[in-house]
Structure formats: structure tokens, C-alpha cells
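So the structure is just underneath, and the comments pick up after that.
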Amino acid sequence: MKSIAVGNRSLIQKYLTDPLVGLIVGILLLVFKILPLPLARLVGRNLGFVVGLFMIRRNKIALLNMQFAFPEKTLKERKKILRGMWRHFGRLGAEIFHIPRVMKKVHFKGRENVIHFCKKGKGGFLCSAHIGNWELPFAQYISPDLKLNPLFRTANNPYLNKMLFKRRDGILIPKGLAGTRTMIQVLKKGHFISILCDQKFREGITVPFFGQPAQTANSVATLALKYDLPIMMARCIYQSDGHYFVEISKPLELPKDLPRDQAELKIMTHINQIYEKWIRQNPEQWLWIHRRFDKKIYREHGIR
């Protein structure tokens, strides 16, 4: 029996599961807010592990993705990474209301790479991935002149949208055509855009990722080439001592001597190679559970 859809959500989702999930997440966030940070992190880690036990389909997706990324690892080793991933993202949820304290324990490397362009009044891109903690508001800790605006995809659940996105700083730029226009506007004002290019983007270009063809968003390469803007890679990795380490690279070299499509492919291939390096270094801190590759690959392995 098919459920009736309202917009892009079914009646069951709109009136039952969406508000129920929103209520549960809201209660959890309130609990995390009350708890001191060390205890909140501990509870979040354990809760993330428990939630992961029930995510059967997502776990299958993650293990298949790891099979491409780590063909040398055994199933037991990949399952260990998976458990670590759920604990990691459980901890991230617990940190949401403790951001000021979390930011006191952040170490930076490469801040000068961004500050250089801020002083010139020139915008650009901080390109990151769903690894570590990509939600930390570190812009104000880099430079008061840094105007950083995130490119985002709205959550399907509207209640989660309200809880998650109201905490973000800067101009929220939605994905899609309207978002591209906004990106151009803020870049011309000398702002930076934070962008995550590690998930599947159907309208993107095909770029190798862990040896597999992967549809990849290429707007960062398109706009950087067109307006001669810097692309800097940025990651925020959790450390075993409870600190975060933020690393910002020097600007990537833009191959301006190539035809536009070849130049974009070269840039995005380089970015994917950097992602691969990051993920291999900290596999438990990357979001493995999304379908990064062609849907046929997952169907061939019985994942719908």
C-alpha cells in the first residue's frame, strides 16, 4: 500500500515520523545541554553506538563503501571502523550546546592562508568534507574579517532543519541553481564559502573516488576558475585528548592553461584524492553511510 505524498513527504512522515523524530532529537539535545561536556560526550558516544545497531541498511552501505576504500581490510576490521563512526557522530550531537567550551580546545594550522585573502578583501572557498566536525563555527577564531557562508542541503525532516540550521552563522546558501546565484553574489562581496564536496551530486561530473566513478559537485572548480578565486582545503579532526585540530591548506593550484572541462576535472580529482587521504588517516570520523557511488553498485550487492 502506497502512502499519500504531501510535497516530497508522505502523510505518515509529515504527521507521524517527522514530528516524532524531531521530538526525540529535541529531548536528547536538551539532555546534552544539561550535562557537563565530558559526560555529554560519553553519553553521546554510547547512544550513537546503540543507534547504529538498528541502522541495518545504512550499515550495509557503509561496509560496501569501505570495501572500495579499504580492500585490504577484513570484514571484522571494517565493522570496527563502522562502530567507531557511530560513536564519533553520537559525540558530535552531544557537543552542539557546548560549542563555546569546545572552541576553547581547538588548535589551528594554516590560518594565515585565509587571513592573507581576507586582508585583500578577496573571497574564495574553504572546501571540506563530512569528516571530523564540519559544523564548528571556527570562522571568528580565524579572523574577524572572514565572512564565511555555508553551502548546505536541507534535511528532509523540517523539524530537524529548524534545530540544525538555526545555529549556523553567515548566509545559508542552498544547493541548486538559486544557490549558485547566491554564491556568485557573496563571492563578489569578498566573502568565503564553505562547501562539502564528498557526497554524491547527480548533476555533477564523474570523478574517480576510491577507484570508482562518482558523481561530484563541481561548482567550486567552475567558480574558482571563472573568477580566479582560491580554493583551500579545510578539515577539523577530533583528537584523542578531546581537542579538535583545524588544518587549512594553501590554495590549490588552478590549471588555467587547460580547457574548462578538463581543468574542472583535474581540480575535482585532486580534491577527491585529498579526501581519500583524510579518510584513510581518520576512517572513523567520515560519514560512510551515504550512497556515494552509482545506485547500480548498491543494487548489485542487494542494497535497495
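These numbers were taken from a predicted model, which means no experiment stands behind them. Start at 1 with the first residue, then count along the sequence.
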Side-chain contact, heavy-atom cut-off 4.5 Å: V106 with H243? no
Aromatic contact, W286 with F70 (centres under 6.0 Å): no
For K60, does the NZ atom have more than 12 heavy-atom neighbours from other residues, nucleotides or ligands under 6.0 Å away? no
Once rounded to the nearest 0.5 Å, what's the spacing between atom NZ of K105 and atom NE2 of H107? 9.5 Å
Taken to the nearest 0.5 Å, the spacing of L39 CG from I34 CD1 works out to 11.5 Å
A side-chain contact here means heavy atoms from C-beta on lying under 4.5 Å apart; do I267 and P255 qualify? yes
Of all the heavy-atom pairs spanning I231 and C127, show the shortest one and how long it is. CG2-CB, 4.1 Å
Please answer whether the main-chain N or O of F210 pairs with a side-chain N or O of E276 as donor and acceptor at a distance below 3.5 Å. yes
Nearest heavy-atom neighbours spanning C197 and T216: O-CG2, 3.9 Å
Counting N and O atoms only, with roles assigned by atom type, does the side chain of Q262 sit under 3.5 Å from a partner on the main chain of P259, one being a donor and the other an acceptor? no
Using a strict threshold of under 4.0 Å (side-chain N to carboxylate O), is an ion pair present between D228 and K256? yes
Do V207 and L265 come within less than 4.5 Å of each other through their side chains, counting heavy atoms only? yes
Under 3.5 Å, side chain of Q215 to main-chain N/O of K200, donor-acceptor pair present? no
Under a single-linkage rule joining Ile, Leu, Val, Met, Phe, Trp and Tyr whose side-chain heavy atoms are separated by less than 4.5 Å, which residues share a cluster with I56? none
Backbone N/O of A234 and side chain of S128: donor-acceptor pair under 3.5 Å: yes
Under a 4.5 Å cut-off applied to non-hydrogen side-chain atoms, are H270 and I274 in contact? yes
Shortest non-hydrogen contact between G123 and P230, atoms and distance: O-CD, 3.2 Å
Student check: side-chain heavy atoms of L42 and L35 closer than 4.5 Å: no
Given L126, which of V220, I195, V114 fulfils the side-chain contact (heavy atoms from CB on, under 4.5 Å) condition? V114
In terms of hydrophobic clustering (I, L, V, M, F, W, Y; side-chain heavy atoms under 4.5 Å; direct or indirect links), are M268 and L258 co-clustered? no
Verify same cluster id: F201, I205 (apolar side-chain graph, 4.5 Å): no
Find out if a path of hydrophobic residues (ILVMFWY) with successive side-chain heavy-atom gaps under 4.5 Å connects M55 to V50. no
K296 bridged to E300 by N-O distance under 4.0 Å: no
Mark yes or no for whether Y238, through its side chain, and F245, through its backbone, hold a donor-acceptor pair below 3.5 Å. no
Can you check whether L75 reaches R78 side chain to side chain, under 4.5 Å on heavy atoms? yes
So I289 and W86, do their side chains get closer than 4.5 Å, heavy atoms only? yes
Is there a donor-acceptor pair under 3.5 Å between the side chain of D145 and the backbone N or O of K119? no
Donor-acceptor pair, distance only, cut-off 3.5 Å: does the side chain of N133 make one with the backbone of C236? no
Same hydrophobic cluster for F49 and L92, using side-chain heavy-atom links shorter than 4.5 Å among ILVMFWY? no
For the SG atom of C118 and the CZ atom of F192, what is their distance to the nearest 0.5 Å? 5.5 Å
L28 CG to L47 CG distance, which is reported to the nearest 0.5 Å: 5.5 Å
Which pairs, with at least one residue in residues 33-51 and sequence neighbours excluded, count as a side chain to side chain donor-acceptor pair (under 3.5 Å)? R41-E95
For Q285 and R235, does a side-chain donor sit closer than 3.5 Å to a side-chain acceptor? no
To the nearest 0.5 Å, how far apart are CD1 in I173 and NE2 in H191? 10.0 Å
More than 12 non-hydrogen atoms from neighbouring residues, nucleotides or ligands closer than 6.0 Å to NZ on K73, yes or no? yes
Neighbour count >12 (heavy atoms, 6.0 Å) for atom CZ, R57: no
Any donor-acceptor pair under 3.5 Å from H98 side chain to F32 backbone: yes
Could you grab the distance from atom CD1 of I96 to atom CG of L136, nearest 0.5 Å is fine? 10.5 Å
Are the side chain of Y298 and the backbone N or O of R292 linked by a donor-acceptor pair below 3.5 Å? yes
I'd like to know if the side chain of Y227 reaches the main chain of I184, judged simply by a donor and an acceptor atom lying under 3.5 Å from each other, with no hydrogens or angles considered. no
The single option from W288, F209, F293 that satisfies ring pair (Phe, Tyr, Trp, His ring centres under 6.0 Å) with F68 is F293
Is the shortest heavy-atom distance from the side chain of F97 to the side chain of L30 under 4.5 Å? no
